[in-house]
Amino acid sequence: MVIDLNADLGEGFGIWRLGDDEALLDLVTSANVACGFHAGDPLIIRRTCAAAVDRGVAVGAQVSYRDLAGFGRREMEVDPEELCSDVLYQIAAVDGVARSMGGRVAYVKPHGALYNRICRDPAQAEAVVAAVADYRVPEGGGPLPVLTLPVSAVREVAAQYGVPVVGECFADRAYTPSGGLVPRREPGAVLHDPETVAARAVLMAREGVVTAADGSRVRVDARSVCVHGDTPGAVRIAAAVRKALIDAGVSVEPFA
């Protein structure tokens with residue numbers, strides 16, 4: 001059994017810092033680097049990419065709506081061509097910085113409201129997938145893989161574009177019975193207890209299921225598990241998750 005452990009990183013802006021990126025990079029195998037649209041700036045992107053490359057952590061472009069004030073967690077109506085262009089811009093920017101640091105962008109992960117929207121909205125899903133398909137990997141390989149929920153509109157659209165999809169689950173988020181994420185505005189949507197989060201991660205990795213908010217069990221077949229870097233106590237949570245996975249016989253390795 002093998003699972004990737006990813007976290008959202010580089011989410012500061014200017015003099016403001018959010019989370020302990022250095023500590024998290026010692027624990028995760030993939031880093032979702034904010035591209036500047038919901039958080040991050042050129043200096044933070046550069047430092048985050050450099051630190052990830054130094055540790056052998058895979059770099060992902062965490063693309064978002066253009067929403068610094070709302071941290072990318074406000075759903076927006078964006079023309080598909082504009083959204084496609086915004087996503088393409090973000091991928092190219094972070095990949096360029098990562099390459100200058102000796103690495104490269106290995107995958108794409110939408111952030112926040114965009115992530116949730118494209119799981120259910122084929123039109124916006126197509127705009128994001130089209131951007132990924134349009135980005136020409138310098139090595140001449142195929143399109144970058146996209147992280148998404150096991151139940152997602154992205155999957156069908158991606159198949160039409162020849163874009164790989166990697167299933168993702170969230171150890172520190174509550175699930176609906178249909179396999180989606182409970183909205184953050186609802187009580188209990190984000191889990192903070194390291195032992196609880198770690199136990200959920202093991203269940204997801206070993207059995208491919210999670211207990212939903214109503215007590216039912218939901219399939220979450222995934223190759224990558226996420227812990228949020230902006231959650232209070234994120235380092236303790238990530239450390240508990242990594243240890244629990246390894247103790248349970250699960251190999252923690254990047255998918256890309």
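- Ion pair Glu22/Arg55 flagged as a salt bridge, since at least one NZ, NE, NH1 or NH2 atom sits closer than 4.0 Å to an Asp/Glu carboxylate oxygen.
- Screening Tyr115, Phe13, Phe71 against His38 for a ring pair (Phe, Tyr, Trp, His ring centres under 6.0 Å) leaves a single residue, Phe71.
- For His111 and Phe37, the gap between ring centers reaches or exceeds 6.0 Å.
- Note that CZ of Arg120 is 11.0 Å distant from OG of Ser178, once rounded to the nearest 0.5 Å.
- Of the charged side-chain nitrogens involved, none lies within less than 4.0 Å of a carboxylate oxygen, so that Arg223 and Glu253 do not count as a salt-bridged pair.
- No donor-acceptor contact under 3.5 angstrom links the side chains of Asp86 and Tyr65, judged on distance only.
- For the residue pair Tyr161 / Glu126, a side-chain donor-acceptor distance below 3.5 Å is found, with atom types taken as modelled.
- Here the closest non-hydrogen pair linking Ala98 and Val59 is CB-CG1, 4.4 Å.
- A ring-centre distance under 6.0 Å is found for Tyr107 and Phe255.
- The minimum heavy-atom distance linking Pro232 with Ile237 is given by the pair O-CD1, 4.1 Å.
- Of the charged side-chain nitrogens involved, none lies within less than 4.0 Å of a carboxylate oxygen, so that Arg200 and Asp172 do not count as a salt-bridged pair.
- Ser224 and Asp4 form a side-chain donor-acceptor contact under 3.5 Å, judged by distance and modelled atom types alone.
- Salt-bridge formation is detected for the pair Arg217/Glu207: a Lys NZ or Arg NE/NH1/NH2 atom is positioned less than 4.0 Å from an Asp or Glu carboxylate oxygen.
- Ser216 places no side-chain N or O within donor-acceptor distance of the main-chain N or O of Pro177, the cut-off being under 3.5 Å.
- Here the CD1-CG distance, from Ile15 to Asp41, works out to 11.5 Å after rounding to the nearest 0.5 Å.
- A salt bridge links Glu168 with Lys109: the distance from a Lys NZ or Arg NE/NH1/NH2 to an Asp or Glu carboxylate oxygen falls below 4.0 Å.
- Residues Val250 and Arg206 share a closest heavy-atom pair of CG2-CG, 3.8 Å.
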